[in-house]
Amino acid sequence: MPIIETQNVHKIYPNGVHANDDISFAVEQGEIHALVGENGAGKSTLMKLLYGLEHPSSGRIFIREGEVEIGNPQVAIEHGIGMVHQNFMLVNSFTVAQNIILNRETKQGMSIDFQGAVTDTVALSEEYGLNVNPNAKIEDIPVGMRQRVEILKALYRGAEILILDEPTAVLTPSETQDLFAAIRNLVEGGKTVIFITHKLKEVIEISDRVTVMRDARVIGTVDTAETDERELARMMVGREVFMQVDRPEVTRGMPVLDVIHLTYADDSGHQLLKQVSFRVYENEILGIAGVEGNGQTELAEVLTGLRPPTTGEAYINNEQILGHGPRSVREHQVAHIPEDRLTNGVALTSSIDDNLIIDRYYREPFTRRGLLDINAIVDNGVDLIREFNIIAPNGAIPVNALSGGNMQKVVVARELSSTPKLLIAAQPTRGVDIGAIEFIHQELVDQRTGGLAILLISADLQEVMKLSDRIMVMYEGEIVGIFPNDESLTEERIGYYMLGAERQEAAEMERYA
C-alpha cells in the first residue's frame, strides 16, 4: 500500500512554465525510493508540493490512501512528512540539542527543559544509529554530523516519511556510508525514505525502487535490482549515455603552473590558505579533492586574480601572475571556469555571441581600428555554438534564455577557445545535466591529451577520480596529500585525508608534487 501518492498532479507557474505535467507517483511503506532526473526535470517542484512549499495547480495527493491538502510545511509535518534540504537550516550558534527541539521545546516551570532536550536527543540518536554530540555547537561540528542533526530534527517532529534532497552532495565517502547505514536503520525502524540525487551509483547502492523524471513528466518507475546506471541515464536523457570517459595514457610535459608557499587570510585575519605549494604540468589534470569550504574556492580565486594573496608566489611558465588582477592573469593564457557561473561566469542579459568574446573583445579580430567587428563576433559565435554543441537557435539570444547545461557550455566554449596554457576548472559540471556532463568531461580530457594543463576543483569525488591524473587533497586550507591516480587509490582512502584523519609525510608529498 502506498504511504504517499500523487495522482495526475500539475504545477503551472504564472509565467506559463509547466514544472510538473500529469505526475502520478507512489512510494510504498518502508522503502527507500530514489527520485532522479536532470536539472529542470521537476523533481524539486514535486517534493515542494509534498512538503507544502508549493501548491499543485491540479491533481490529488494521498497519504495512507486518504486525500490531503498540504497548505504549508506545518501541515506536512502533521501528516508525518519531514524534509532535509540540501542547504541545512540550522542555527550555528545553538547546540545540537537546541536545534533539534527548536519550536518544539518542552518547559520545566517557566524555563525550557534543556536537560530534557539532551536526553531526548541521545535517545533518538541511539534508536536510529545517528550518532551526535547533543552539547556541541553546530558551528563546531563536521558536515556529516550537521546532516544527522537535520534528520533527527525531522524525526523529533514525528516524521514517518523522510525526503532527503541531494543528501550526499557535501559528504566524504565514509560519511556517505555512515548516512546509508543510518537510512537503512530508519527503514528497519518503519520509516520511509525518498532519496533525491544525481549520483546514479548511489541510487543503485541504496534504493529499492527508482522513479525517473524528464521534462516535467514521470518516465517510469523501476525496481533497482532490475536496472543499472546506464539504463537510468538513458531514461533521464532520452538517449544512450556513455558513463565512462576515454582518458588515454600520456606522458606529462613541463610544469606550467608553479605555486610556492601561497597563503590567504580574510579581513578578520583567519587563514584560509596555509603555505600551499604544488605544480601543474602539461598533459595532465591535477584534481583537488576536499569537503567544500576547505580553501578550494579561495585557491581558485587567488590564482585567477579575483583575490589578492597574503603571501606566496605563483608562476606561469616562470612568469609571476599574482597581484595584478584578472586581466593580467588571462593575458598569461590562464582560462577559468568559475564555480558560480551566474555570478562570475556569464553576463546573463547579454547575448551568447557577446559572452563568447567578453574577455577578448578589445583584441583582433573582434576589434579593428578601435571599432567592434560585428561580423567577426557573429562568425565566432556560429563556430563555437556548433563545436561545443550549444543548443540555441542562434547566438543573438541572451544567455539567461538557456538551460543550465547550455549556459555552462558557453563558459566552457569561451575558456577553451582562448588557447590557454592553463585551465582552472572549478565545479565544471555543477548544476549540469548528464548529457552536458558527458560532453564537458570528454572535452576536458581531450584538451589535457592535447597538451593543456588543467587544475580541476570539484566537490564530486567521483568526478575527480574519473578525470584526474594526480589528486591533491585539501583540508582546512592545507594540502594534506598528493597521489597518483592509479588502481591502488580508492575513494575511501582519499576520504580519510578529506576528513583530516590522515596526512601524508612531507617527503612523499614532494615526491608526487
Side-chain angles (χ1 to χ4, degrees), residues 15-17 38-40 297 300-301 303-307 321 324-433 435-437 439-444 446-447 452 454-455 457:
N15 62 3
V17 173
E38 297 183 302
N39 293 301
T297 295
E301 293 186 353
L303 292 178
T304 54
L306 295 172
R307 296 176 188 249
I321 61 168
H324 303 295
R327 177 175 285 193
S328 176
V329 173
R330 297 187 78 87
E331 294 289 356
H332 282 86
Q333 293 178 269
V334 178
H336 179 210
I337 300 173
E339 66 177 65
D340 184 350
R341 62 174 171 266
L342 298 181
T343 301
N344 297 321
V346 293
L348 286 168
T349 58
S350 296
S351 69
I352 297 172
D353 288 343
D354 287 347
N355 271 274
L356 288 170
I357 55 102
I358 207 164
D359 63 327
R360 64 201 76 158
Y361 66 90
Y362 55 91
R363 300 198 305 258
E364 289 189 353
F366 307 113
T367 293
R368 298 181 187 277
R369 298 186 182 90
L371 297 175
L372 289 173
D373 187 329
I374 302 303
N375 290 333
I377 294 170
V378 171
D379 289 345
N380 177 73
V382 169
D383 291 342
L384 293 181
I385 287 170
R386 181 179 62 250
E387 181 180 349
F388 287 86
N389 194 29
I390 299 167
I391 307 302
N394 56 65
I397 68 168
V399 163
N400 61 11
L402 300 178
S403 68
N406 283 295
M407 200 180 294
Q408 188 73 347
K409 286 182 181 179
V410 170
V411 177
V412 172
R414 181 185 65 229
E415 299 307 306
L416 293 183
S417 65
S418 66
T419 61
K421 295 176 180 176
L422 171 72
L423 170 66
I424 298 174
Q427 317 296 349
T429 60
R430 171 171 284 169
V432 169
D433 59 54
I437 289 172
F439 177 88
I440 292 169
H441 280 178
Q442 194 59 59
E443 191 66 34
L444 292 176
D446 289 347
Q447 292 286 332
L452 186 61
I454 299 176
L455 179 64
I457 301 170

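Here the structure is a predicted model, which means the values were calculated and not measured.
Under the 4.5 Å side-chain criterion, counting only non-hydrogen atoms from C-beta, T297 is in contact with E301. Within the 4.5 Å cutoff, no side-chain heavy atoms of Q447 are placed close to those of L423. Looking only at side-chain heavy atoms (C-beta outward), P338 and V411 come within less than 4.5 Å of each other. Side chains of H336 and L303 form no contact here, defined as non-hydrogen atoms less than 4.5 Å apart. Using a 4.5 Å cut-off on side-chain heavy atoms (C-beta onward), N400 and V346 make no contact. The side-chain heavy atoms of P398 and T349, taken from C-beta on, include no pair separated by under 4.5 Å. At least one side-chain heavy atom of M407 sits under 4.5 Å from a side-chain heavy atom of L342.
When all heavy atoms are compared, the tightest approach of A392 to I397 is CB-CD1, 3.9 Å. In this structure, A396 and S351 approach most closely via the heavy-atom pair O-CB, 3.5 Å. The two atoms that bring V334 and I424 nearest to each other are CG1-CD1, 4.1 Å, heavy atoms only. R414 approaches N355 most closely through the heavy-atom pair CD-O, 3.0 Å. Scanning all heavy atoms of the two residues, the minimum distance from P428 to I440 falls at O-CD1, 3.8 Å. Shortest non-hydrogen contact noted between P365 and A376 is O-CB, 3.5 Å.
Once rounded to the nearest 0.5 Å, the distance linking CG of N380 with CD1 of I385 reads 9.0 Å. Rounding to the nearest 0.5 Å places CG of D353 at 7.5 Å from CG of N394. Between I337 atom CD1 and L455 atom CG the span is 11.5 Å, to the nearest 0.5 Å. Note: F366 CZ to D359 CG = 9.0 Å, rounded to the nearest 0.5 Å. Distance CD1/I391 to CG/N389: 4.5 Å, rounded to 0.5 Å. Rounding to the nearest 0.5 Å gives a distance of 11.0 Å between CD1 of I352 and CG of L384.
When the options L356, I358, I357 are evaluated for a side-chain contact (heavy atoms from CB on, under 4.5 Å) with R360, the one that passes is I357.
Residue pairs that meet the side-chain hydrogen bond (donor to acceptor under 3.5 Å, both in side chains) test with at least one member in residues 419-429, sequence neighbours left out, are Q333-K421, T429-E463.
Judged by distance alone, the side chain of T367 and the main-chain N or O of E364 form no donor-acceptor pair under 3.5 Å. At distances below 3.5 Å, not a single donor-acceptor pair connects side-chain atoms of D373 with backbone N or O atoms of R368.
The side chain to side chain contact (heavy atoms under 4.5 Å, CB included) test applied to A436 returns K409, V432, D433, not counting sequence neighbours.
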